[in-house]
Amino acid sequence: MTDFPDVRISPTSKLVKAAQQNQPQPEPVPPTQVDIDRLRTLWEDNRRWVAAVLLAHKPKWADLEDLLQDVAAAVVAHAGEVRDPSTFKSWLRTVAINAARLAARRGVLRRHEPLDSNPEPTTPASDTQVLGRDNSSVRVAELAFELPDGYREPLLLKAVQGLSYRQIGQILNLPETTIETRIARGRRMLRELAESRQEARPAVTPQVTDS
Amino acid sequence: MNDDNRQSDLERATGIQADGEPDRDILITRAIDGRATGADWSAMESLSTRDVSFWRDLALAQRDQRALERLVGVASNVSAMVNLPEAGGVSARTEEVAWRHDARGRRPARSGLRIWGGWVAAAILGVAILSGKLSAPLPVGGQRPANEAGLINASWSSEQVLEDALKRGRKDGMVFGEYGDPYVLATEPAADGRGYTVVYIRPILVKRQVQNVYQGQRVIDETGQVVGMKPQPLPARVVGY
């Protein structure tokens with residue numbers, strides 16, 4: 001029988017060892033229906049806040065549903081690689097942020113395409129258009145997109161119905177007290193931005209101080 | 001410097017700043033989120049006597065929060081329409097989205113199929129009728145062919161012959177299983193309208209005992225025609241894994 005050199009084979013591969021020793025091999029275990037159902041439940045429990053994370057990071061013109069589908073596909077393909085279940089939320093957030101950034105890069109590339117390529121909408125629908133004619137909501141939502149990432153994301157996550165500070169902390173991998181501080185400062189920034197716009201002063205991103 | 005870092009744990013927990021003044025932003029946030037304690041409400045009352053804009057700012061912050069909840073509520077409704085896709089539809093984009101999670105830039109372990117690429121000694125391109133699940137169709141009567149005598153029945157389909165060969169291979173240790181699910185290349189409705197015709201790769205792990213290992217190299221004549229195959233030894237790494 002052919003002698004397989006050990007050095008080339010992953011020592012963790014039971015199948016390889018079994019084959020070498022001519023032993024009955026462990027059967028590769030495909031995902032069971034239970035695994036698939038569990039993953040589906042996991043997705044359904046988390047997709048609302050994933051949408052909020054995407055909203056916080058995606059370019060305005062990117063389609064939220066498309067990005068959610070990208071994230072869902074990544075969950076199916078790679079959730080099994082998350083070894084520590086306690087890091088699942090943090091992993092899922094990273095996947096969502098990557099999807100949003102990838103969309104932004106694709107958008108930048110599109111702008112460099114030749115003029116005769118498929119035309120893209122030059123003034124894509126803004127997320128805030130879905131709020132319809134509610135002017136105050138539209139204004140506040142648009143101002144929220146001007147906040148720094150570190151404040152915008154917790155603020156939008158807090159707007160997800162039923163999400164607690166502790167859960168937001170798990171998603172952002174930050175202590176609960178830091179989450180509270182960021183939400184508090186984010187709210188102040190939002191208020192100050194709104195006031196500065198109302199007074200028709202030049203737009204300034206407010207600076208947060210200790211006082 | 002970020003003010004998150006400048007604030008002590010005690011300040012964060014109590015909402016009281018080092019100078020004894022309650023943190024205005026924290027109090028407003030606790031009121032909005034329904035987390036304010038009795039002490040917080042007392043601090044708010046006390047603060048409002050010195051700071052006439054306090055209640056107004058609380059009302060404005062509450063209005064902003066409702067606006068954000070409406071925005072995120074719309075996003076949540078969109079998310080409710082997005083379900084997990086069926087496994088197998090992994091695009092290059094999906095790969096890129098997922099593997100960037102690792103801060104050190106390492107890709108996670110590749111799929112078993114890729115690791116095992118060299119081991120998959122036989123990949124059989126099959127055509128099957130799909131009836132809910134990819135499997136070899138049973139012969140009439142619903143029984144797998146029993147071929148204990150080692151004879152091949154002339155009436156068997158190629159599929160049945162293959163199943164029998166695999167069964168015998170498992171018995172004598174030459175075939176040691178299949179790796180993973182079949183990889184579907186194409187599907188189309190069956191000509192008779194019943195089920196689908198599916199073209200798929202069925203990776204079967206086979207081992208063979210050989211004296212030498214060669215690969216064929218095409219021999220081409222001066223007119224460019226292939227006139228034969230010249231055996232070349234395989235590099236050890238191809239044989240090894």
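These values consider heavy atoms only, across backbone and side chains, with no hydrogens, waters or symmetry-generated copies. Residue numbers begin at 1 in each chain, while the letters A, B, ... track the order of the sequences. Note that the coordinates shown come from a computational prediction; the quantities given were computed from them, not determined experimentally.
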Problem set entry | Under 4.5 Å from a heavy atom of chain A, the part of B:Asn77 involved | neither
Exercise. CG/B:Asp23 to CG/B:Asp40 distance, rounded to the nearest 0.5 angstrom?
Worked result: 10.5 Å
Exercise. Can A:Asn173 and A:Arg93 be counted as having a side-chain donor-acceptor contact under 3.5 angstrom?
Worked result: no
Seminar exercise, completed: Highest number of heavy-atom pairs under 4.5 Å with chain A among B:Ala75, B:Ala61, B:Ser76, B:Ser79 belongs to B:Ser79
Seminar exercise, completed: Counting heavy-atom pairs under 4.5 Å with chain A, the top scorer among B:Val78, B:Ile28, B:Leu68, B:Asp33 is B:Asp33
For this session: Measure the CG-CG distance between A:Leu102 and A:Asp70 for me, rounded to the nearest 0.5 Å.
Result: 7.5 Å
Problem set entry | Result of checking B:Asp64, B:Asp57, B:Asp25 against A:Arg188 for salt bridge (Lys or Arg N to Asp or Glu O under 4.0 Å) | B:Asp25
For this session: Ignoring hydrogens and angles, state whether a donor on the side chain of A:Asn46 or A:Trp49 is under 3.5 Å from an acceptor on the partner side chain.
Result: yes
For this session: Against chain B, work out which of A:Gln161, A:Lys158, A:Arg101, A:Glu176 has the most heavy-atom pairs shorter than 4.5 Å and name it.
Result: A:Lys158
Exercise. Any idea which of A:Ala72, A:Ala144, A:Gly186 has the most non-hydrogen atom pairs under 4.5 angstrom with chain B?
Worked result: A:Ala72
Exercise. Which bit of B:Arg35 is near chain A, if near means a heavy-atom gap under 4.5 Å: side chain, backbone, both or neither?
Worked result: side chain
Exercise. Is a side-chain donor or acceptor of A:Ser164 paired with a backbone partner of A:Gln167 at a separation under 3.5 angstrom?
Worked result: yes
Exercise. When heavy-atom pairs shorter than 4.5 Å are enumerated against chain B, which of A:Ile183, A:Leu157, A:Leu156 gives the highest number?
Worked result: A:Leu156
